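Have a look at the structure below, then the notes.
Keep in mind that this is a model prediction, so the values were computed, not measured. Any value given below was found using the heavy atoms of this structure, including those in side chains, with hydrogens, waters and symmetry copies removed.
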Amino acid sequence: PPLAKLSPVGTQVGSLGTVVEALPGSQHPAGGFGKPPSLHATFRALMLANLYGLRINRTKAEHFLHSTTGWGPELGEQGSSAGGGGEKKPVWSLTNVYSLHEAILAYTHLELPIPEVGNATQFLLSLWDESAALFGGIKGAPGSLRASATVLQVAELLGKRRSEEIELLVTRVRREVLDSMFAVASSGIAGGDVPL
């Protein structure tokens with residue numbers, strides 16, 4: 001399991017309790033977790049640390065998140081920088097919705113404010129796959145239910161869920177999911193081989 005990578009060298013990982021106990025000592029000097037430190041492993045470690053009340057170096061973890069996401073303190077509360085003509089440009093190094101979701105949750109586990117990332121709505125809208133009527137995980141990827149659910153979670157966490165543009169696409173996602181469910185149910189009834 002991915003959490004086993006977090007255990008110090010020479011530690012036997014036989015249960016979740018062992019992993020949890022070893023977690024604080026598994027923090028990399030750069031502040032992240034994993035070998036090498038990654039956003040994914042750090043998010044999971046922060047979730048466990050928060051859940052079990054473990055003491056980790058929060059300052060280092062925060063620094064790691066800032067360096068990984070590009071949401072450093074130099075951005076202030078806006079999480080964006082002005083481009084030419086005062087236009088706000090997104091300032092994050094994350095290119096897929098799954099990493100964006102993990103970064104937001106990692107910030108939440110550290111009890112840090114989630115930056116107002118400039119153009120977040122446009123980023124989420126850029127993930128739309130018109131042919132599938134679903135969102136993809138990265139720009140240009142085929143739409144999937146997993147990516148669509150993650151996009152909607154991110155939109156909610158960033159306070160963009162009620163954006164008119166996002167809301168219109170949510171309606172289309174719902175319709176696509178319902179149509180798919182009815183198609184599967186219909187083929188199961190007609191063919192008799194798909195249990196309902």
Side-chain angles (χ1 to χ4, degrees), residues 1-81 89-120 123-124 127 135-139 141 144-161:
L3 290 177
K5 294 179 182 175
L6 297 175
S7 63
V9 176
T11 301
Q12 287 285 43
V13 178
S15 69
L16 182 59
T18 306
V19 172
V20 169
E21 289 172 9
L23 192 64
S26 301
Q27 191 169 14
H28 190 273
F33 290 84
K35 295 179 184 179
S38 69
L39 177 59
H40 182 71
T42 300
F43 151 69
R44 288 181 171 213
L46 292 174
M47 178 183 64
L48 288 172
N50 197 31
L51 182 67
Y52 291 104
L54 301 174
R55 295 183 59 108
I56 59 164
N57 187 322
R58 297 172 67 81
T59 303
K60 283 187 175 184
E62 182 177 346
H63 175 74
F64 177 79
L65 286 177
H66 290 323
S67 67
T68 303
T69 62
W71 299 341
E74 67 278 0
L75 299 174
E77 293 182 11
Q78 293 302 307
S80 58
S81 66
K89 294 182 175 180
V91 184
W92 66 68
S93 58
L94 309 172
T95 58
N96 69 72
V97 73
Y98 308 112
S99 294
L100 180 58
H101 186 238
E102 288 177 343
I104 292 168
L105 292 177
Y107 269 73
T108 303
H109 290 307
L110 282 175
E111 299 175 359
L112 296 172
I114 299 167
E116 172 58 41
V117 181
N119 296 328
F123 171 72
L124 296 175
L127 304 176
F135 290 96
I138 61 173
K139 189 174 182 175
S144 70
L145 290 176
R146 177 180 175 231
S148 295
T150 306
V151 164
L152 296 180
Q153 289 171 344
V154 166
E156 188 71 39
L157 291 167
L158 291 176
K160 305 295 184 188
R161 174 65 174 76

What's the spacing between [X] [atom1] and [Y] [atom2] if we round to 0.5 Å?
X	Y	atom1	atom2	value
F43	T68	CZ	OG1	14.5 Å
L46	L51	CG	CG	12.0 Å
N96	H101	CG	NE2	12.0 Å

Does some side-chain heavy atom of [Y] sit less than 4.5 Å from a side-chain heavy atom of [X]?
X	Y	result
N50	T108	no
E102	L100	no
R44	L48	no
I104	Q153	no

Smallest separation among heavy atoms of [X] and [Y], with atom names:
X	Y	result
A147	G137	CB-N, 3.4 Å
T42	G32	OG1-CA, 3.4 Å
G34	A41	CA-CB, 3.9 Å
V151	F135	CG2-CB, 3.7 Å

Practice problem: For L54, enumerate each residue passing the side-chain contact (heavy atoms from CB on, under 4.5 Å) test, keeping only those at least two apart in sequence or located in another chain. | Solution: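 Only V20, L23, P24, A49, Y52 meet the side-chain contact (heavy atoms from CB on, under 4.5 Å) criterion with L54.
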Quiz item: Ignoring hydrogens and geometry, is there a side-chain-to-backbone donor-acceptor pair from Q27 to I56 under 3.5 Å?
Solution: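 Judged by distance alone, no pair lies under 3.5 Å.
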Quiz item: Does any N or O in the side chain of S144 come within less than 3.5 Å of the main-chain N or O of G136, such that one atom is a donor and the other an acceptor?
Solution: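 No; judged by distance alone, with no hydrogens or angles, the pair does not exist.
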Exercise. Please step through side chain to side chain contact (heavy atoms under 4.5 Å, CB included) for the pair T59 and H63, ending with a clear verdict.
Key: CA-CA 6 Å; T59 303; H63 175 74; 5.9 Å; no
Practice problem: Report the C-alpha separation of Y98 and R146 in whole Å, then their side-chain angles, then the decisive distance to 0.1 Å, and conclude whether the side chain to side chain contact (heavy atoms under 4.5 Å, CB included) test is met. | Solution: CA-CA 10 Å; Y98 308 112; R146 177 180 175 231; 3.6 Å; yes
Self-check item: With sequence neighbours excluded, residues passing side chain to side chain donor-acceptor pair (under 3.5 Å) with E156
Solution: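 None.
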Quiz item: How far apart are the C-alpha atoms of L124 and L152, what are their side-chain angles, what is the distance that settles it, and do they pass the side chain to side chain contact (heavy atoms under 4.5 Å, CB included) test?
Solution: CA-CA 9 Å; L124 296 175; L152 296 180; over 6 Å; no
